Amino acid sequence: MLDPAIHRLRRERLQREVSGPILLMGNGTRARNLPMNHLPFRQDSTFLYFLGYAGPDAAALIEDGETTLFLPIPGDDDELWHGPTPSPEQVGAGLGIRDVRDIATLDTHLAGRTVKSLAVADATANRRAAAWAGPLVFGRTYGDPELVASVIGMRRNKSEAELTEMRRAAAISARAHRAAMAATRPGESERALAVLFEAVLGLHGAVPGYGTILTRRGEVLHNHGHDGVLESGDLLLLDGGGEVDTGYGVDITRTWPVSGTFSGRQRAAYDAVLEAELASIALCTIGRRYKEVHDASSRVLAQFLIDEGLAHGSVDTIVASGAQALFFPHGVGHHLGMDVHDLENFGDLPSYPSGRGRPNQFGTENLRLDLPLEAGWVVTIEPGFYVVPAILRDGTLRERFAGQVDFDKAEAWLGFGGIRIEDDIHVSHDGPEVLTYAVPKKPEEVESLVGTAPPIATRLC
Ligand code: GLY
Ligand code: MN
Ligand code: MN
């Protein structure tokens, strides 16, 4: 847990920046079938950021320099089922908040009043807050604009205490990535490797910060299935990161050959993605527009397409038309912090200047961030090269890029899969700091680690 003084200072700044009473809602649990059998709970990140309280069904009123925390009060038989729970006073003492009340009193406490609030993922909490704050619909209305702007400004710039938490998450996640690399061999299942990856996170006090992507079909960008069995010629893509108890996490992707040796074609593509990644990372400096960071990766990948005969023309003409996006169809990264796409519950507000939206071009329409970078921001850099049948066989795209892309040559790459390399970069006064440096990515390092651990089944059962 962070020092409660950090949360208090955050609330004080919030009050200086936002006029009037502020009601922050926490998330509630979601039942799987009946209330006591619920889906895994995760607190709303903004609530956690200002209160440090990770339990469900809470709310906080911040007003006139004071914070009132509203919590569910355990019922008479609660101890029987859940063990002893701390009293509201004990919770308040731990959080440095004197005024802690029963959440059941929130309605009477706020009756007839107007507050500023934010939409959270929990629809019940939004409906409740809407009585005093106006409509709050997750993903559609973000909440009071002044409050939203202040929260974005605060959460986007990471303090040293936050960076320490992210470095902690990175160190744990590096162990988990290395363990998965070492346990990879033909015949192993994606599921066993995903279990191992998440077990190593758990052993070191972290949980997955997002659904682990571990797949031999890396061209399916957000492939959360783990049903595959690895074959010798496969590439394995692992996009996974742990989150520590304070809510801060990392977002790391590595791709490696199941056999322990890249084929010639795999190695050429891997080298290009790594060169693209390093080029983009080098540009993560204060004041640099993020679109330029994206373009640096696009240019390296365009040159690779030319070298392989997959595209014709110059790097400039390819990047101008966006043809490289047929093999790199997403943006080079996004904000990172307490959420994997940090602050994207506020849409593009944290990531684009007002009045300017995403580019209207295949590929860069998925660029999630385009602002000049600021000191203290943490962003991901994650270029990739993917051979996606749905893209290469799309009639409209084939027509549009017929003069630049050799689709016959591209057909010969079908079945290649995908490669992504992703690191998390702190934009600092000393230049780009790679928080996730401890996960191997040099091809020789990756190759020499694959297959060096005993089979998972012999270790687990
Ligand atoms: N893990 C999802 C992403 O990299 O954006
Ligand atoms: Mn990412
Ligand atoms: Mn990722």
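For clarity, every value in this text was computed on a predicted model and none was experimentally measured. All ligand and atom numbering here is 1-based and tracks the order in the structure.
- Listed by number with element, the atoms of ligand 1 under 4.0 Å from a non-hydrogen atom of Glu422 are 4 (O).
- Put simply, Glu382 stays out of reach of the Mn ion (ligand 3), with no N, O or S atom under 2.8 Å from it.
- Within the 4.5 Å cutoff, side-chain heavy atoms of Glu433 are placed close to those of Arg167.
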request  = Test Lys158 against Glu165 for salt bridge (charged side-chain N to carboxylate O under 4.0 Å, His left out), laying out the working first.
outcome  = CA-CA 10 Å; Lys158 274 65 181 179; Glu165 295 303 290; over 6 Å; no
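- For the pair OD1 of Asp251 and OE1 of Glu422, the angle whose vertex sits at the Mn ion (ligand 3) is 90° to 10 degrees.
- Among protein heavy atoms, atom 2 (C) of ligand 1 sits closest to Asp239 OD2, 3.6 Å.
- Tyr248 does not carry Arg168 over the face of its six-membered ring by the limits of under 6.0 Å from the centre and within 45° of the normal.
- Using a 4.0 Å cutoff on heavy atoms, His341 counts as a contact of ligand 1.
- Looking at Phe362 and Glu365, their side chains come closer than 4.5 Å, going by heavy atoms from C-beta outward.
- Summary of contacts: the protein heavy atom closest to atom 3 (C) of ligand 1 is Asp251 OD2, 3.4 Å.
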query = What do the steps show when you test Tyr290 against His335 for ring-ring contact (aromatic ring centres under 6.0 Å, His included), and what is the final call?
reply = CA-CA 11 Å; Tyr290 195 71; His335 289 291; 8.0 Å; no
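- Distances below 4.0 Å separate heavy atoms of His334 from the following atoms of ligand 1: 3 (C), 4 (O), 5 (O).
- At least one N/O/S atom of His334, from backbone or side chain, sits under 2.8 Å from the Mn ion (ligand 2).
- Among Glu188, Glu231, Glu190, the single residue meeting the salt bridge (charged side-chain N to carboxylate O under 4.0 Å, His left out) criterion with Arg216 is Glu231.
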